[in-house]
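Side-chain atoms are counted along with the backbone in the values below, which use heavy atoms only and exclude waters and symmetry mates. For clarity, every value in this text was computed on a predicted model and none was experimentally measured.
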Amino acid sequence: QVQLSESGGGLVQAGGSLRLSCAASGRSFSTYAVGWFRQAPGKEREFVAAVSRTGTMSSYSDSVKGRFTISRNDAKNTVFLQMNSLKPEDTAVYYCAAASTVYSGNDAFNYNYWGQGTQVTVSS
């Protein structure tokens, strides 16, 4: 079983950047597909980005495509979410999730393990 811990959130002005990290412990991260999701106050959790177990396949929601980049460094047991050109509507709690599959895509139900989340606040 793997435990996930997110970090890197904070307060940033619109147009700024943040890099979120998702660190895994308990098992090697290289055996898991990983996704990032977010939930804003009063809204449902939504998909942000996903990366395959090998890192060769990734996908993004339309709202972040071209601004966010997901990557993984299995030597460090960490997956990153680089967020550029941030907008106030990106404000949310960001969660990373993992699944013991090759690739789990944008469906939260495909993921078995979840972190506690990190808050991202973008001011206008």
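Rounded to the nearest 0.5 Å, atoms SG (Cys96) and CD (Gln116) are 10.0 Å apart. With rounding to the nearest 0.5 Å, the separation of CG in Asn77 from OG in Ser5 is 12.5 Å. Here the CG-CE distance, from Leu20 to Met83, works out to 3.5 Å after rounding to the nearest 0.5 Å. With values rounded to the nearest 0.5 angstrom, Ser61 atom OG is found 6.5 Å from Phe47 atom CZ.
Taking each heavy atom of Ser124 and Ala14 in turn, the nearest pair found is CA-CB, 4.4 Å. A pairwise comparison of heavy atoms in Gly117 and Val93 identifies CA-CG1, 3.9 Å as the closest pair. Of all non-hydrogen atoms in Asn110 and Ala99, the two that sit nearest each other are O-CB, 3.3 Å. Annotation for Tyr111 and Ala33: closest pair CE2-O, 4.2 Å, computed over non-hydrogen atoms. In terms of heavy atoms, Ser100 sits closest to Asn112 at N-OD1, 3.8 Å. Across Gln3 and Gly26, no two heavy atoms sit closer than the pair OE1-CA, 3.7 Å.
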Requested in this report: Step by step, work out the side chain to side chain contact (heavy atoms under 4.5 Å, CB included) result for Val12 and Ser123.
Outcome: CA-CA 6 Å; Val12 64; Ser123 63; over 6 Å; no
Query - Step-by-step side chain to side chain donor-acceptor pair (under 3.5 Å) determination, Thr118 to Tyr95 - result: CA-CA 7 Å; Thr118 185; Tyr95 300 91; over 6 Å; no
Requested in this report: Given side chain to side chain contact (heavy atoms under 4.5 Å, CB included), test Tyr32 with Tyr113 step by step and report yes or no.
Outcome: CA-CA 10 Å; Tyr32 293 87; Tyr113 307 100; 3.7 Å; yes
Query raised in the report: Would Thr101 and Ser104 count as a side chain to side chain donor-acceptor pair (under 3.5 Å) if you check the C-alpha gap in whole Å, the side-chain angles of each, and the deciding distance to 0.1 Å?
Result: CA-CA 7 Å; Thr101 59; Ser104 287; 2.6 Å; yes
Query raised in the report: Is there a side chain to side chain contact (heavy atoms under 4.5 Å, CB included) between Leu18 and Val120 once you walk through the steps?
Result: CA-CA 9 Å; Leu18 284 174; Val120 171; 3.9 Å; yes
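Checking Tyr60 against Thr69 by side-chain atom types alone, no donor-acceptor pair falls below 3.5 Å.
For Arg72 and Phe29, the positive end sits near the middle of the six-membered ring, less than 6.0 Å away and at most 45° from its axis.
Follow the hydrophobic side-chain contacts under 4.5 Å out from Val51 and you never reach Phe80; the two are in separate clusters.
Judged purely by atom type and a 3.5 angstrom limit, Ser30 has no side-chain atom pairing as donor or acceptor with the backbone of Ser28.
Judged as a side-chain hydrogen bond (donor to acceptor under 3.5 Å, both in side chains), the pairs with a partner in residues 82-94 (not counting sequence neighbours) are, in order, Ser17-Asn84, Arg38-Asp90, Arg38-Tyr94, Arg67-Asp90, Gln82-Asn84.
Within the 4.5 Å cutoff, no side-chain heavy atoms of Arg19 are placed close to those of Leu81.
Here Phe37 and Trp114 bring their ring centres to under 6.0 angstrom of each other.
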